[in-house]
> 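The structure follows.
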2 protein chains.
Amino acid sequence: MAARAGVSLGTVSNVLNRPDRVSDRTRSKVERAMTELGFVRNESARQLRAGQSRVLAYVVLDASNPFFTDVAQGIELAADLSELSLFICNSNNSSTREEAYLDLLQQQRVQGILITPVDPGADFLNEVARRGTPLVIVDRVQKDLALCSVAVDDVLGGRVAVEHLIDRGHSRVAFVGGPLSIGQVEDRWRGAQQAWAEAGLPQDALVQLTTSALTVAEGRGAGERLAGMPARRRPTAAFCANDLVALGLLQQTIASGRRVPDDLAIVGYDDIEFASAAAVPLTSVRQPRQELGRTAAELVVDEATNPDHTHTQVTFTPELVARTSTLG
Amino acid sequence: MAARAGVSLGTVSNVLNRPDRVSDRTRSKVERAMTELGFVRNESARQLRAGQSRVLAYVVLDASNPFFTDVAQGIELAADLSELSLFICNSNNSSTREEAYLDLLQQQRVQGILITPVDPGADFLNEVARRGTPLVIVDRVQKDLALCSVAVDDVLGGRVAVEHLIDRGHSRVAFVGGPLSIGQVEDRWRGAQQAWAEAGLPQDALVQLTTSALTVAEGRGAGERLAGMPARRRPTAAFCANDLVALGLLQQTIASGRRVPDDLAIVGYDDIEFASAAAVPLTSVRQPRQELGRTAAELVVDEATNPDHTHTQVTFTPELVARTSTLG
DNA sequence: TTGCATCATTGAAAGGTTTCAACTGCGGTT
DNA sequence: AACCGCAGTTGAAACCTTTCAATGATGCAA
């Protein structure tokens, strides 16, 4: 304790927390001692006394997906306003890692946890809230609505995308993406089907091309499968479950000498930065990523500070951004 | 304390830390009480006693740059092996935020800090180490070598890129990137100049197109400037300071009807995933991103645990990945 | 029966900060 | 001269866990 370097004990605390109640002379004396000794306040002791910290944490599914980093930026924006720091934890699609992080964060008594979970139905999510750490689910929805969540209406996103293609005159369209076990993919596919049915188009003219993951490589593979179809059955447009798949499809299409959008129109999903920067700028369904994060952070802060907090499920509306890949 | 729910006090601690020394009956009694009360071990108190935590932190310059997320993944790999958790903090190119995070992390007594700093020369970096928290600099080098660092030889990267273009027969080349105040950019430019001079080519045939940031938009702008040059002075190839700039340049070139690589060959830097997925797959200089992170994490762990630790500066060698954008 | 070894459990101390009531001087009032 | 108020400072308690020496209980051997 720096006290012995100066002359007092709890006065050090006053210097740190209520400098005005300390005389100039003692204050500078203490401050000098602190720099000399390389004093660093012990946050553990501090927190032990205070009972809570000034930290939020975001447990993210995949830190290398630009979509999530944008969400994180939104969280950070809101956290800053409440003078909170943000720690990002990467679960990397692993339930095990996810649970380990949740344990650690609870034990650290963080103010609140934001999470895009591997499985929104997992028991341990509810358990966290039950034990007193505010928790908000980001970009997923929980079936039993026992927690706050912030998400985007993916069914609507699917509709909007396919309606756009129908408007552009396409009557043979492929849905490219998978696996359907991912909630998002299933919702977007459902929305696509709804729009298709409502336009009165024949069901078998909406083709489903399933991929095993939402990656660029899988998009390329789908392009090859598409090219292999007989011309009269081949779709003239594709709606991809995310932009990575769409970029792969786009690349394969151009590389094989077909033109976008003349031979194949393409719609992606997420509107990541690389969508507009593609060789043919990509039409995509934009989600309000930053706002998603911002809102989630606000909810978690409310849950942490407002005794009258009630759990809320916020749903945002996606928006189509039309570019050359469908407009020609 | 769960003690009153059961019958004892420090026995709870034994249940948690040395379950074998506790009889089955008491153990299950305590465990039951713990679940009933929703008991969560207090990490602050634990740490206060122990004096240190099991956490590493990576203060990253820009969480939305795929390059850094790959580095982070490498760190995580190594951290896992040492049974450490990783918190990612995004300084977002702000010195202020960077310093705030460093303060917080020191106060939390993390095992070690990895950082890609805004300015590797900043005083407060050395100060952190002086106060006892191990710190390793990632992807930058410090002039005075007072700290561990892990970086890639950017001068060599610049040479390799330009040598490749010279090999392909180009005798009029543009270097696109900036500002030069970024150490990386300056090094790559220097390497480019060296290769150029060694090949005996006239100095003014290596044109410098300075951008104000390393973004896709700036790359597009550079493309326009390039197109505006009189044909006989116009470079037939461009070496870009990173892939984002290269992708912008690529997009603008194709959109304006010129062909890559026939009218303009392009080399990028970083080899991010989107480089190979571009409409014309991009030749790029690959850096061993994951290994960068892995090595940095190993160094910081060594500094934290090995009393004989000596500061080390590790430099990796970049590697050219040739693709269609220069090979035709 | 006594003593010993073993196993299970307990109690107290330590770790660094914050808070708060209590104390010390000191100048100013009456 | 006695008192008051006030600014500045102090000491002790509390936060929760871990560790370790000490205690209690049990069974076994002599």
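Each chain gets a letter, A, B and so on, in the order its sequence line appears, and its residues count up from 1.
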> Give a yes/no on whether any side-chain N or O of B/Arg41 is located under 4.0 angstrom from OP1 or OP2 of D/dT18.
yes
> Measure from the side chain of A/Ser23, starting at C-beta and using heavy atoms only, and say which of D/dG8, D/dT18, D/dC16 lies closest.
D/dG8
> Any Lys/Arg nitrogen of A/Asp80 or B/Arg97 sitting under 4.0 Å from an Asp/Glu carboxylate oxygen of the other?
yes
> Check this one for me: any side-chain N or O of B/Thr11 less than 4.0 Å away from OP1 or OP2 of C/dT10?
yes
> Whole angstrom is fine here: how far is it from CD in B/Gln108 over to P in C/dG15?
21 Å
> Which is more 5' along DNA chain C, the nucleotide nearest B/Arg46 or the one nearest B/Arg25? Just name the residue.
B/Arg25
> Report, one line per pair, each donor and acceptor closer than 3.5 Å where one atom sits in a side chain of residues 15-22 of chain B; sequence neighbours left out.
unit_1  : atom_1 : unit_2  : atom_2 : d
B/Asn17 : OD1    : B/Arg41 : NH2    : 2.8
B/Asn17 : ND2    : B/Ser13 : O      : 3.0
B/Asn17 : ND2    : B/Ser13 : OG     : 3.1
B/Arg18 : NH1    : B/Asn14 : OD1    : 2.6

> In a check of side-chain contact (heavy atoms from CB on, under 4.5 Å) between A/Ser82 and each of A/Val301, A/Leu56, A/Val300, which one passes?
A/Val301
> Within this structure, what is the CD-to-P distance between B/Gln107 and C/dG15, rounded to whole angstrom?
20 Å
> How about CG on A/Asp144, more than 12 heavy atoms from neighbouring residues, nucleotides or ligands closer than 6.0 Å, or not?
yes
> Would you mind reading off the distance between A/Glu43 atom CD and C/dG16 atom P, rounded to a whole angstrom?
15 Å
> The helix from C/dT1-D/dA30 to C/dT30-D/dA1: angle between its terminal axes, five pairs each, to 10°?
70°
> For residues B/Leu114 and B/Ile75, determine if any side-chain heavy atom of one lies less than 4.5 Å from a side-chain heavy atom of the other.
yes
> What integer distance in Å separates B/Gln106:CD from C/dG16:P?
17 Å
> May I ask you to check whether B/Asn42 and A/Gln47 show a side-chain donor-acceptor distance below 3.5 Å?
no
> To the nearest Å, give me how far apart CZ (B/Arg21) and P (D/dT19) are.
10 Å
> Can you tell me if A/Thr26 touches the phosphate of D/dT9, counting only side-chain N or O atoms and a distance under 4.0 Å to OP1 or OP2?
yes
> If we count only N and O atoms by modelled type, under 3.5 Å, do the side chains of A/Ser64 and A/Asp62 hold a donor and an acceptor together?
yes
> Rounded to the nearest Å, what distance is computed from the CG atom of residue B/Asn42 to the P atom of nucleotide D/dA14?
17 Å
> Minimum heavy-atom separation for B/Ile137 and B/Pro120, please, with both atom names.
CD1-O, 4.5 Å
> Would you say CG of A/Asn93 has more than 12 non-hydrogen atoms from neighbouring residues, nucleotides or ligands within 6.0 angstrom?
yes
> A/Leu48 CG to D/dT17 P: how many Å, rounded?
9 Å
> Rounded to the Å, how far apart are B/Leu16 CG and D/dT19 P?
11 Å
> Output a table of nitrogen or oxygen pairs between the protein and nucleotides 19-22 of chain C separated by less than 3.5 Å.
unit_1 : atom_1 : unit_2  : atom_2 : d
C/dT19 : OP2    : A/Arg18 : NH2    : 3.0
C/dT19 : O4'    : A/Arg49 : NH1    : 3.1

